[in-house]
Amino acid sequence: MEKFEVLQSTAVPLPIENIDTDQIIPARFLKATSREGFGENLFRDWRFDNAGQPKADFVMNTGRYSGKILVAGKNFGCGSSREHAAWAIYDAGFKVVISSFFADIFKGNALNNGLLPLQVSDEVLARLLTQIEQDPQTTLVVNLVNQELEVPVWEEKIPFAIDAYKKECMINGYDDIDFLVNQKEAIEQYESNRPWAY
Amino acid sequence: MAKTLLDKIWDAHVVKSIPGGLDVFYIDRHLIHEVTSPQAFDEIEARGLPLFRKEQIVATADHNVPTKNQHLPIEEPLSRFQVDKLTENCAKHNIELYGLGHERQGIVHVMGPELGITQPGMTIVCGDSHTSTHGAFGAIAFGIGTSQVAQVMASQCLLLSKPKSMRITVDGEVRPGVTAKDIILYVISKLGTGGATGYFVEYAGSAFRNLSMEGRMTVCNMSIEMGARGGMIAPDQTTFDYLQGREFAPKGERWEQAVAYWSTLFTEEGAQFDKELSFDAADIAPMITFGTNPGMGMAIDALIPTDVPVSEQASYSKSLQYMGFQPGESLLGKEIQYVFIGSCTNSRIEDLRQVARFVQGKKKAAHVEAIIVPGSKQVEKQAIEEGIDKVLAEAGFELREPGCSACLAMNEDKIPAGAYCVSTSNRNFEGRQGPGSRTLLASPLVAAITAVEGKIVDITQYLN
Ligand code: SF4
């Protein structure tokens, strides 16, 4: 997993609520057995028509927006547990998703892949979306170390929450598997004492 | 302090707690399938890690398999490659696999319970969000991502914070024609698609108690559709009767001991939940969805709501536009082109029986394509033994071979763009059943009636 400390970037706005993982990456593109290449089909059916031609009005195709931050409506990532959704977003070049609410499994998957799910209030989200739509050059600074989202044009630093352990992992590029494998002794001891397990 | 069902099972599976509020959480059963496991196998191999407890893993091929001619090699090269990869990985790591053609193959959440792999008090995970299904037995069961699949392979544990608890109580008798599916669609329509995010739900009250295990599985299955990590129902005599004698259920003296332990798994009087909701069963009507998330459901004879909060209006209109519906409109009389009866929500023998009972002696409407995909080989076999296959064939329904099929349209079972499909599955997301497809979620009974009528009707007229 790549390390994450501070990221400065413009952002792409996607003001739609309840964006589910089937929109992020439709099931028919889940046939690959590696983690790479899913970015091509990110938001596939919104981004391309049936003939595979880019739809001119979709935010990623208008040419108006770019950047490593995706700003999306509330309840982002609901639906399936497919980690392919996090892989697709990351593979398409995003490092942060900002929303006012994330679905649980998506949030966990994102954190396990170095993609930061950054939760802000509904009010901040609405202001951010308007700001970016009015000025696509708006730069945001995501400082994970200080847990702050800085919006320089507003001269504002907005604090955000993240689990302390997950923050450590993101900053250092560690993942849970290293930690868990080191717990083997405790796990074996636990296993030896489960009289109720059938 | 009085404990909830969740507390009891959770606490019994904590290997240790680490500072900061996370638990090293032990997993009893790990179910895997072809779509979300290959990258996990790659990961543990790349790190040179062995499988920690391979005997606690069971694999099946379900998401990406054809539902016709399963005895032949899979035609579509990418699907074949993915299914072969599972076979290869399982052989390499010595994992029990119920692959295509195996008598135990089936949708992972149908297969586990019917074999007795799923038991009360267990923790069960799978790289699939509908793992919540297994909670019907009084287990903590939830979907995980592929990185977590690798973690469980390597350590049989996950690093988790304990979810908040919610109890949803539905008491009273349901009206005729109201099934488990209607109850859960009703609850989701009340909570919305993110209403239970962060929570683990316990379903309580007589409306759930009175359900069969199949019905309870339908309910717990859809917990994720309101954002919940999982859903559970305390085990009782119905649970024990269902499990007794199944392949992997404890036998003899161990059965007695297990039942004694399982009988302790209930929420104690006075236990606190982070959130409590209750509904009256008598208020629930046969349901249908009209939008593009499972929270957009209503009584089948109701009008599409018009009172939507301002902040949600844009998403709401986008959704109705996709579906080709207007706010304030009734769905009664809408012509339907497809009916899909299947998926881990409603493809068990009880669902097929219900459909067969209704369609016996009737014919589907000429313009409707009606397909029924059993949840597993065992369901298929039982349906044939009971003559359900013949009843369905005479009514013009096509009985396929087991798999996820048009629930997620990964294989060739797709609903064409613009067409309406009444589906017994669990998600009506845009394009879920194929690009441009329009899904209306409903119970198997509503689906069967729709197939015969060729349009949405008020099903209550049939029940008198
Ligand atoms: S039937 Fe549908 S929801 Fe169930 S496991 Fe298969 S794809 Fe997932």
Side-chain angles (χ1 to χ4, degrees), chain A residues 15-18 20-23 26-28 30-35 44-46 50 73-75 78-87 101-106 108-109 112-113 122 126 163-166 175-184 186-187 189-191 194-198, chain B residues 12 15-16 18 20 22 24 26 28 35-36 38-39 42-43 47 49 64 78-79 81-82 85 119 121 127-129 143-148 150-151 154-159 161 193-194 197-198 227 229 250 254 257-258 261 293 311-312 314-315 318 408-410 417 427 429-432 435:
Chain A
I16 301 170
E17 292 179 1
N18 303 318
D20 59 75
T21 50
D22 275 84
Q23 305 321 313
R28 60 187 194 281
L30 305 185
K31 296 183 184 184
T33 55
S34 71
R35 287 177 187 239
R44 174 75 200 201
D45 295 332
W46 288 347
N50 288 346
K74 85 167 172 222
N75 199 21
C78 60
S80 132
S81 64
R82 59 186 73 157
E83 195 159 312
H84 312 68
W87 298 337
F101 196 69
F102 290 94
D104 271 343
I105 308 181
F106 175 80
N109 286 342
N112 281 334
N113 286 281
D122 284 326
D163 179 271
Y165 166 81
K166 281 293 172 194
D175 44 34
D176 294 358
I177 203 163
D178 303 322
F179 180 87
L180 287 167
V181 169
N182 284 325
Q183 303 298 315
K184 203 169 151 207
I187 297 168
Q189 202 192 336
Y190 165 85
E191 284 179 321
R194 298 168 16 112
W196 46 267
Y198 293 95
Chain B
V15 172
K16 68 188 235 191
I18 60 166
L22 291 172
V24 176
Y26 192 80
D28 293 312
V35 179
T36 56
Q39 295 88 349
D42 283 353
E43 184 165 344
R47 291 170 188 249
L49 294 167
N64 195 5
L78 285 175
S79 303
F81 184 76
Q82 197 174 46
K85 192 87 193 159
Q119 295 167 22
D128 184 285
S129 60
I144 56 177
T146 297
S147 295
Q148 292 175 306
Q151 290 161 22
S155 71
Q156 207 55 37
C157 286
L158 288 169
L159 209 46
S161 57
T193 152
T197 302
R229 272 327 302 266
R254 282 176 58 74
Q257 291 165 354
Y261 169 60
N293 72 56
S311 67
E312 288 164 27
S315 299
K318 181 174 179 293
L408 89 165
M410 244 188 115
R427 287 189 174 138
F429 296 151
E430 277 184 36
R432 170 82 179 181

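All chains are named by letter (A, B, ...) in the order of the sequence lines, taking the proteins before the strands, and each is independently numbered beginning at 1.
Side-chain contact check for A/D163 versus B/L22: some heavy-atom pair is nearer than 4.5 Å. Side-chain contact check for B/T193 versus A/N75: some heavy-atom pair is nearer than 4.5 Å. In this structure the side chain of A/R35 reaches within 4.5 angstrom of the side chain of B/S147, judged on heavy atoms. Proximity of B/P435 to A/R28: side-chain heavy atoms (C-beta onward) are separated by under 4.5 Å at one or more points. Side-chain atoms of B/V15 and A/Q183, non-hydrogen and from C-beta on, never get closer than 4.5 Å to each other.
Only the side chain of A/N18 comes within contact range of chain B, with at least one heavy atom under 4.5 Å from a heavy atom of that chain. Heavy-atom distances place the backbone of B/L158, and not its side chain, under 4.5 Å from chain A. With a 4.5 Å cut-off on non-hydrogen atoms, A/A164 does not touch chain B at all. B/F429 touches chain A through backbone and side chain together, each having a heavy atom under 4.5 Å away. Contact of B/E43 with chain A is made through the side chain alone, with heavy-atom distances under 4.5 Å. Contact of A/A197 with chain B is made through the backbone alone, with heavy-atom distances under 4.5 Å. Interface remark: B/I18 contributes side-chain atoms only to the contact with chain A (heavy atom separation under 4.5 Å). The part of B/Q119 that comes within reach of chain A is its side chain, from C-beta onward, which places non-hydrogen atoms under 4.5 angstrom from that chain. Contact of A/E191 with chain B is made through the side chain alone, with heavy-atom distances under 4.5 Å. When heavy atoms are compared at a cutoff of 4.5 Å, A/D175 approaches chain B solely by way of its side chain, counted from C-beta outward. Of the two parts of A/A32, only the backbone, made up of N, CA, C and O, holds a non-hydrogen atom closer than 4.5 Å to a non-hydrogen atom of chain B. If you measure heavy-atom distances from A/R44 to chain B, you find no contacts under 4.5 Å at all. In this structure, chain A has no heavy atom under 4.5 Å from any part of B/A314.
Rounded to the nearest 0.5 Å, atoms CG (B/N64) and CG (A/L30) are 8.5 Å apart. Rounding to the nearest 0.5 Å places OG1 of B/T146 at 9.0 Å from CG of A/N113. Atom CD of residue B/Q151 and atom CG of residue A/D176 lie 4.5 Å apart, to the nearest 0.5 angstrom. For the atom pair NZ of A/K74 and OG of B/S311, the computed distance is 5.0 Å after rounding to the nearest 0.5 Å. Here the CZ-OG distance, from B/R427 to A/S80, works out to 5.5 Å after rounding to the nearest 0.5 Å. Note that SG of B/C157 and CZ of A/F179 are 10.5 Å apart. Values are rounded to the nearest 0.5 Å.
Put simply, of B/N293, B/L78, B/L159, the one with the most heavy-atom pairs under 4.5 Å next to chain A is B/L159. Interface remark: of the candidates A/I187, A/V181, A/N109, A/I187 forms the most heavy-atom pairs closer than 4.5 Å to chain B. Taking chain B as the reference chain and counting heavy-atom pairs below 4.5 Å, the highest number among A/N50, A/N112, A/D104 is found for A/D104. Interface summary for chain A: among B/P250, B/G227, B/G198, B/A409, the most heavy-atom pairs under 4.5 angstrom belong to B/G198. Ranking A/I105, A/D22, A/D122, A/T33 against chain B, the residue ahead of the rest is A/T33, based on heavy-atom pairs under 4.5 Å.
Side-chain polar atoms of A/K184 and B/S155 form no donor-acceptor pair below 3.5 angstrom. Side-chain contact annotation: A/W46 with B/E430, donor-acceptor N/O pair under 3.5 Å present.
Of the charged side-chain nitrogens involved, at least one lies within less than 4.0 Å of a carboxylate oxygen, so that B/R47 and A/D178 count as a salt-bridged pair. Comment: B/R432 does not engage A/D45 in a salt bridge, judged by the lack of any side-chain N to carboxylate O separation of less than 4.0 angstrom.
Not one N or O on the side chain of B/S315 forms a donor-acceptor pair closer than 3.5 Å with the backbone of A/I16. Under a 3.5 Å cut-off, the side chain of A/K31 and the backbone N or O of B/M410 do form a donor-acceptor pair.
For the pair A/S81 and B/S129, the tightest heavy-atom approach, listed with the atom from each and the gap, is OG-N, 3.3 Å.
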Could you give me the CA-CA distance, side-chain angles and deciding distance for A/E83 and B/T36, then say whether side chain to side chain donor-acceptor pair (under 3.5 Å) is met?
CA-CA 8 Å; A/E83 195 159 312; B/T36 56; over 6 Å; no
